[in-house]
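Hydrogens, waters and symmetry mates are skipped; everything else that's a heavy atom, side chains included, is used. Sequence lines set the chain letters: A, B, ... in the order given, protein chains first and strands last, and positions in each chain run from 1.
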Amino acid sequence: MEPSKAYNPTEVEGKIYRLWEKGGFFAPEARQPRAGNPNKNKTFCIIMPPTNANGSLHAGHALVMTIEDIMTRYKRMQGFRALWLPGLDHAGFETQVVYEKKLEKEGRSRFKMTREELYKEISDFTENNKKNINSQVKKMGSSCDWSREKFTLDKDIVKIVYDTFEKLKNDGLVYKGKKIINWCSRHQTSLSDLETKDEERTDKFYYLKYGPFVIATARPETKFGDKYMVMHPKDKRYKNYKNGQKIELEWINGPITATIIKDQAIDMNFGTGVMTITPWHDAVDFEIAERHNLDKEQIIDFQGRLLPIAGEFAGMKILEARPKIIEKLQTKGLVEKIEENYKHIVKTCYKCNSLIEPQIKEQWFLKMKPLAEPAIKAIEKNQIKFIPEHYRKISLHWLKNIIDWNISRQIVWGIPMPAKFCEKCHAEFIDINDKITKCSKCDGLLIKETDTFDTWFSSSQWPFATLGFPNSKDYKTFYPTDVMETAGEIIFFWVARMIMLGLYITKKIPFKNVYLHGLVLDAKGQKMSKSKGNVINPLDLIEKFGTDALRMGLVVGNSPGTSLPLDENKIKGYRNFATKIWNASRFVLMNLKDYKTDKKIQLNARDKKLLENFQKTAKEITKKMDDFKFYIAGEKIYHYFWHTFCDKIIEESKKSLSSPKTRKSTQFMLLKILSGSLKILHPFMPFITEEIYQQLPRKNKKECIMIEEWPEN
RNA sequence: GGGCGGUUAGCUCAGUUGGUAGAGCGUCUCAUUUACACUGAGAAGGCCAUAGGUCCGAGUCCUAUACCGCCCACCA
């Protein structure tokens, strides 16, 4: 071994990764199963959550790569035909947002570009990022099979997504409907309910005189078209008012006729118990209007400006118009009072924080209840194991209360919806091959849908799509996959939907186990964010301490589902551990110069005991690995290696090595425990273990530790 | 309002069939060039949130309470 007293990761890592790639060890079929291997006919498969191709690797990705690589390497060493399939995500909306920001910095805007221009630019941008991301995934030591890499916009993937869409349509599970949706006026697209977040704001709260009633609102600019007064049917205060009764009153822009509506959705204890409704811009109001078959009028356009119904205020942005409307109402004597600090919760766009404007818009929806039922059954029958377990309940709760999913987006970057509609009669058609031009009902011309799919619609098909459903060998061999490992945060976005669409298309669960990791936080336990400036770049840590140290720091003590503060000191501790491994190995090698691999050795009782002890430890660790408790397994091997092997066994061996009687037995024992420990350490710390293994005396010099046998027996 | 977690050593957290409290980091004492100072030997430090209950025995199971956190829905 080299004279250097410290392990130098930067020198070693690239070289070792190339050695593995050259050996072709990442592919499940690359290696002949060992004779007598009990697992030779078994497979193991993880589909990597496709990495967003819009930036670079962050701490969360580093965690994904580490955990999934540990699982894959472990199973591979146990003799399974292990496949870890890598992939990249075009990440529709997310990427378009990133790119729009880039355009903004350059003083450009997507609204001044054609769809084609924008698509081309984002596509080029994504292509560049793909290379960058992949090289970073490799830096993490990921032993995924690059020959099977997939991208969410690959032709074969898109074909599968289209087939699924068509099947859903044929089964009546997809419909195009005018419903109230979440509209981001800044990004000019609708968003699903999962893509909005709640934010507490302090606004003024206006009490307005509306005929005989006082109504309260924080949004007077929506009130132009309000012509229904809704009250609870059991509200005694208003028992003299009858449902449908008309009342003449003076309103913002003149006299109007308003109608009394009785509906149970009203909270009698809130304010005066009377409200007016704006069905076009409020979800609850929309439902009331639907129930009573009331008129719905658009007040605010999709850019967030008032429409002609607002009279003199038409064309104004809502926030600009609000004080002016109040001023007018005041001069008309219609303002009863203004509450200054009204705290309420508003929906905002999860990307840009701007206010979500509910709008009625024709969109494509997926009927979720029929899709959720089989998923609920599968989970209730424990066909899918959740790690940690409580995600089972969380998923079930969400699935049981599921609502229809808006899968269309008005953005350019994504998979175009293969749909057309008739310009005359508005009939819809699914046209995967882009062949139909005339309406079959009225002979009118067909117009192509410009919407794209919500990214999650395609990602939800990822496990079977990447494996080549329905006919490929990989699909037949590896589906259902063994583990889906991803962030707990996206349990609804992704995991639950994969279960639903997986069951719908393949009739099988997409994965047997779901392993959900928590957030990676900064050293103080705070969420990392660019604005706070506390983002830890995993690549910096690799440069400083080596990939192996980073991997240990990410996995040891990180139980699934709980968040992990990433402390540089912790990584440093594992860098020290790497040095320890290096030097212990150096010691053993230095004392092995006269050692012959092929000679039979008579072990003495002490060394035999030590080996048995190691086997016992190996067994315990194996059990933890099988239980997905990598955070304990990693800690155990760390502890054994440092505090048993180094502190006790090596220290004691110094004497027995110097006596000719015990030297040979000690040499054998040291080498055996060292190489066994390295094997157990390998899934956690692949680079240093391989580098040392390459220098150990062994029978077949071509072998790599990554395809060595896991030392459980 | 509905759901789900958490509360254990100064800090971050383990602790799954209930059997005398564990790790890492930090702190303190000692060792001073040893394969490794990115080191070694040792030490201090916990009525396991609170109150009941089941049991021979509870950090672990049950019930209630308090505080912290997350998610979902709603608030005109």
Side-chain angles (χ1 to χ4, degrees), chain A residues 1 3-7 193-194 197-198 200 205-208 210 214-219 222-223 226 229-231 263 265-267 269-278 282-285 288 342-347 388-398 400-403 488-489 491-492 518-519 521 523-525 545-546 549 552-553 556-559 561-591 623-624 627 629 631-632 634-636 638-639 642-643 646-648 650-651 653-654 657 670:
Chain A
M1 189 169 275
S4 151
K5 284 186 177 181
Y7 166 66
D193 294 286
L194 289 176
K197 57 177 186 186
D198 292 346
E200 195 182 73
F205 200 46
Y206 308 96
Y207 290 81
L208 308 176
Y210 191 85
V214 173
I215 56 160
T217 182
R219 301 200 59 194
T222 64
K223 297 285 160 202
D226 287 18
M229 297 158 290
V230 192
M231 52 197 70
D263 193 283
I266 301 303
D267 180 356
N269 300 318
F270 190 95
T272 55
V274 180
M275 71 172 196
T276 61
I277 55 166
T278 313
D282 185 282
V284 174
D285 295 2
I288 294 171
Y342 175 66
K343 280 187 182 165
H344 63 145
I345 287 160
V346 295
K347 268 192 183 184
E389 223 168 84
H390 70 262
Y391 274 105
R392 182 177 180 271
K393 282 189 202 167
I394 294 175
S395 311
L396 280 173
H397 186 259
W398 186 74
K400 286 179 180 173
N401 295 291
I402 202 158
I403 54 169
E489 274 184 303
I491 178 112
F492 306 139
L519 282 176
L521 308 171
K524 290 176 194 155
F545 304 114
M552 282 295 271
V556 174
N558 183 8
S559 53
T562 58
S563 55
L564 169 84
L566 186 56
D567 188 344
E568 195 170 301
N569 280 321
K570 190 176 173 191
I571 314 295
K572 195 169 156 188
Y574 290 109
R575 190 272 320 265
N576 296 354
F577 179 51
T579 309
K580 191 76 184 176
I581 299 170
W582 187 255
N583 283 297
S585 305
R586 226 159 49 91
F587 173 85
V588 173
L589 281 166
M590 275 160 52
N591 287 288
K623 176 82 173 56
K624 297 298 173 195
D627 288 346
K629 294 192 175 170
Y631 60 103
I632 298 178
E635 185 188 302
K636 270 187 184 280
Y638 169 90
H639 204 259
W642 199 317
H643 300 299
C646 295
D647 293 348
K648 304 223 161 62
I650 286 188
E651 285 309 316
S653 78
K654 285 173 184 170
L657 280 168
L670 286 174

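Judged by a 6.0 Å distance limit and a 45° cone about the ring axis, Lys636(A) is not positioned over the six-membered ring of Tyr631(A).
A donor and an acceptor atom sit less than 3.5 Å apart, one in the side chain of Glu651(A) and one in the base of A35(B).
Looking at heavy-atom distances under 4.0 Å, Tyr210(A) makes no contact with the nucleic acid at all. Among the heavy atoms of the strands lying under 4.0 Å from Phe492(A) are primed sugar atoms or P, OP1, OP2 only; no base atom is included. Across all strands, Asp647(A) comes closer than 4.0 Å only to sugar-phosphate atoms, never to a base (heavy-atom distances). Contact annotation for Ile266(A): base contact, defined as any heavy-atom pair under 4.0 Å involving a base atom. Residue Val588(A) is classed as having no contact, given no heavy-atom separation below 4.0 Å to the nucleic acid. No engagement by Ile277(A) is indicated, since no non-hydrogen atom pair under 4.0 Å with the nucleic acid exists. Within 4.0 Å of Thr217(A), counting heavy atoms only, lie sugar-phosphate atoms of the nucleic acid but no base atom. Residue contacts for Gly557(A): at a heavy-atom cut-off of 4.0 Å it reaches the sugar-phosphate backbone alone, with no base atom in range. Counting any heavy atom pair closer than 4.0 Å across all strands shown, Lys570(A) reaches no nucleic acid atom. Nucleic acid contact for Lys654(A): base, since at least one base atom lies under 4.0 Å from a heavy atom of the residue.
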> Which is it for Asp226(A) and Lys223(A) under the salt bridge (Lys or Arg N to Asp or Glu O under 4.0 Å) test, yes or no, and what are the steps along the way?
Replying inline: CA-CA 5 Å; Asp226(A) 287 18; Lys223(A) 297 285 160 202; 3.1 Å; yes
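Heavy-atom distances to RNA chain B give each of Ser559(A) and Ile650(A) a nearest nucleotide, and the one nearer the 5′ end belongs to Ser559(A). Both Asp282(A) and His643(A) sit near RNA chain B, but only His643(A) has its closest nucleotide nearer the 5' end.
Counting only distance, with no hydrogens or angles, the side chain of Lys572(A) and the backbone of Asp567(A) share no donor-acceptor pair below 3.5 Å.
At least one side-chain nitrogen or oxygen of Lys580(A) sits closer than 4.0 Å to the OP1 or OP2 atom of G40(B). At C13(B), none of the side-chain N or O atoms of Asn558(A) fall inside 4.0 Å of OP1 or OP2 (strictly under the cut-off). The side chain of His639(A) contributes an N or O atom lying less than 4.0 Å from OP1 or OP2 of G24(B).
Contact check for Phe587(A) versus Leu657(A): side-chain heavy atoms found under the 4.5 Å cut-off.
Between the P atom of G3(B) and the CD1 atom of Ile402(A) lies a distance of 19 Å, rounded to the nearest Å. Protein atom NZ of Lys648(A) is 17 Å distant from nucleotide atom C1' of A35(B), rounded to whole Å. Rounded to an integer number of Å, the gap from Arg575(A) CZ to C38(B) C1' is 5 Å.
Between U50(B) and C67(B), the two P atoms lie 16 Å apart (nearest whole Å).
For Ala584(A), taking side-chain heavy atoms from C-beta onward, the closest of the listed nucleotides A23(B), C75(B), A35(B) is A35(B).
Considering Asp282(A), Asp193(A), Asp198(A) in turn, Asp193(A) is the only one that fulfils the salt bridge (Lys or Arg N to Asp or Glu O under 4.0 Å) rule with Lys347(A).
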